[in-house]
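Reviewing the structure listed below.
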Amino acid sequence: MALQMKNEAKIKFTELAELDKKHFLHPSTSIRQHVENGPGFIFTEGEGIYLKDIRGRKLIDSLSSLWNVNIGHGRAELGQAAAEQMSKLAFSSTFGGNSHEPVIELAKKVAEWTPGDLNTTFFTSGGSESNDTAFKTARHYWKVKGQPNKTKIISRRLSYHGVAMGSTSATGIEPFREFTTSLAQGFLYVDSSIESLRALIEEEGAESIAAFISEPIQGSGGVNLPPKDYFKEVREMCDKHDILFIADEVICGFGRTGEKFGMDLFGVVPDIICMAKGISSGYAPIGGMVISDKIKKELMENYAGNFWHGYTYSGHPMCCAVALKNLEIIENENMVENVRNMGAELQKGLKYLEEKHDNLGNRRGAGLLGAIEFFKNVETKERYAEPVSAKVVAKALDRGLLGRSIVYGGQDTLAFAPPFCITKEEVGTIIAIIDDSIAEVKKER
């Protein structure tokens, strides 16, 4: 019976894989390789930190899929919340001042999470839309304040802000921009030093700059933490030059760093927060832009017309209901505290790997965001001719771990961002798999 079920699963996988190759254009995937090789996995189930493939294989999801399944897979409560809301009100527009209960409750809940006077949310379907919304809002803000030439947006190299036109243009990882000629004007990039930012502002002129955007900790760019006091100095510089400070909290927000929001780690309150992933843990497509009371007041006082920006699904009732249930679970189960505790365990594990393997260094992280890098020579920072991290990820996959290798900008990084529900034993399993995988790669060199 077991053999028959295994054969049936294999046949089903093959059938679906052929349909996948023929009809599905995958994001961030080589079209050529996909058509030649088909999908690596076809997932059917998830529970906690685990995913299950249609062929029955169980894998540890060490990156919460796309940094977003924060409460873990398989929480039926969120499905129940979605079903209950859809049975009452599946959709209604929030255009023209109309509203509904879930969006009002969620906007209030978000204001309880956000720092300072960030109290008003414009809802979107995801992070790219949230950042594009922030760019348009920042430019609108300066326009209605009589400074229409303040249009430029500054971001950091190795930053990731999304794939809509504006958010692609703001992204500091070059391959995303080189992919297309559909780039928006007025986006500038700086190294992650206050001196670089100061020099750019002086060169361009503060009178032309609308906003500075940054992730608290860069995610896709390599889990890169900022220099000491960087954001405090950025805040001071933005205040000095009348530049809005936008925090892209799409990955860091709602507990990922062990604080409510990533900027809380650095004692800084931005003017605008962009959010997505963590607000629903990926169970529903929803994001948002949160603005300060100051910005809202000045927009209201200086402009009597409509806020001419909106998506069909801004404040979708079902998505709002799911997000509310997600935040309730995070709060009721003290998940942010677990992020801090298990983040400490993750860093202990990375330290163990760093001490055991002479080609590992630059261990870093905050909460359940962690990374470590490979070097041919740790002291001189000399790299291998070919990245080692990708080879280790491949070996880890053989051992049942879905990992992430990051090689943008010449780095050779292993990144980790497991679900908030992870246990000490499960952290240990991840470290053990990486340990064995590194040892195997070393043997093959």
Side-chain angles (χ1 to χ4, degrees), residues 3-46 50-69 73 126 128 158 160 162-165 167-168 171 173-183 219-222 282 285 374 383-417 433-434 436-438 440-445:
L3 180 59
Q4 181 182 347
M5 291 177 63
K6 187 174 181 180
N7 288 335
E8 289 175 353
K10 186 175 181 181
I11 292 169
K12 184 65 173 177
F13 177 88
T14 302
E15 292 174 349
L16 289 172
E18 288 303 313
L19 292 171
D20 187 274
K21 288 193 292 182
K22 185 176 181 180
H23 298 295
F24 183 27
L25 183 62
H26 285 251
S28 294
T29 302
S30 165
I31 298 174
R32 180 179 300 173
Q33 289 181 10
H34 176 249
V35 171
E36 290 176 353
N37 303 323
F41 295 95
I42 298 175
F43 293 114
T44 59
E45 299 176 42
Y50 299 96
L51 286 168
K52 189 175 180 181
D53 175 64
I54 195 170
R55 294 162 293 187
R57 190 171 179 200
K58 191 175 181 181
L59 299 163
I60 296 172
D61 181 4
S62 75
L63 205 83
S64 300
S65 289
L66 279 176
W67 323 82
N68 64 332
V69 188
H73 298 279
S128 295
L158 290 183
Y160 179 82
V163 293
M165 185 177 289
S167 50
T168 292
T171 291
I173 302 171
E174 290 185 2
F176 288 94
R177 301 198 312 272
E178 293 171 350
F179 169 75
T180 181
T181 56
S182 296
L183 297 175
S220 296
F374 289 93
R383 300 286 187 185
Y384 289 96
E386 294 182 11
V388 175
S389 56
K391 298 176 182 178
V392 171
V393 166
K395 297 298 183 185
L397 186 58
D398 293 338
R399 292 169 166 79
L401 176 72
L402 285 165
R404 176 72 179 265
S405 164
I406 298 175
V407 296
Y408 305 123
Q411 63 184 302
D412 194 0
T413 297
L414 284 177
F416 303 90
I433 289 173
I434 295 297
D436 291 343
S437 301
I438 293 171
E440 186 174 353
V441 169
K442 281 183 175 179
K443 285 180 182 179
E444 295 179 354
R445 286 210 313 269

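Values reported hereafter were calculated over all heavy atoms of this structure, with side chains retained and with hydrogens, waters and symmetry mates removed. Heads up: numbering here begins at 1 and tracks the sequence. Since the model is a prediction, treat every value here as computed from it, not as a measurement.
Annotation: side chain of I42 is in contact with side chain of D53 (closest heavy-atom distance under 4.5 Å). The shortest distance between side-chain heavy atoms of L51 and S65 falls below 4.5 Å. With a 4.5 Å cut-off on side-chain heavy atoms, L397 and L402 count as touching. At least one side-chain heavy atom of I60 sits less than 4.5 Å from a side-chain heavy atom of Y50.
The distance from the CG atom of L16 to the CZ atom of F24 is 12.5 Å, given to the nearest 0.5 Å. Summarising the geometry, atom CD1 belonging to I434 is positioned 6.5 Å from atom OG belonging to S62; distances are rounded to the nearest 0.5 Å. Atom-to-atom distance recorded for I173:CD1 and E178:CD is 11.5 Å, nearest 0.5 angstrom. Atom NE2 of H73 sits about 12.0 Å away from atom CD of E45, to the nearest 0.5 Å. Note that CG of N68 is 9.0 Å distant from CG of L63, once rounded to the nearest 0.5 Å.
The shortest heavy-atom contact between F13 and P39 is CZ-O, 3.6 Å. Between D412 and V388, the closest heavy-atom pair is OD2-N, 2.7 Å. The heavy-atom pair separating G221 from Y408 by the smallest distance is CA-CD1, 4.3 Å. Shown here for W67 and A415, the closest heavy-atom pair between the two residues is CH2-CB, 4.2 Å.
Among the candidates T168, T171, T180, the single residue satisfying the side-chain contact (heavy atoms from CB on, under 4.5 Å) test with V163 is T168. For the side-chain contact (heavy atoms from CB on, under 4.5 Å) criterion with H26, the lone passing option out of Q33, K21, H34 is H34.
Side chain of T14 to main chain of K12: no donor-acceptor pair is present (N/O by atom type, distance under 3.5 Å, no hydrogens or angles). Put simply, the side chain of S389 never gets that close to the backbone of L414: no donor and acceptor are under 3.5 Å apart.
Counting only residues at least two apart or in different chains, salt bridge (charged side-chain N to carboxylate O under 4.0 Å, His left out) contacts with residues 390-408 comprise E386-K391, K395-E440, K395-E444, R399-E440.
More than 12 heavy-atom neighbours from other residues, nucleotides or ligands sit within 6.0 angstrom of CG on L19.
Classification of the F43-F41 ring pair by plane angle, with boundaries at 30° and 60°, yields parallel.
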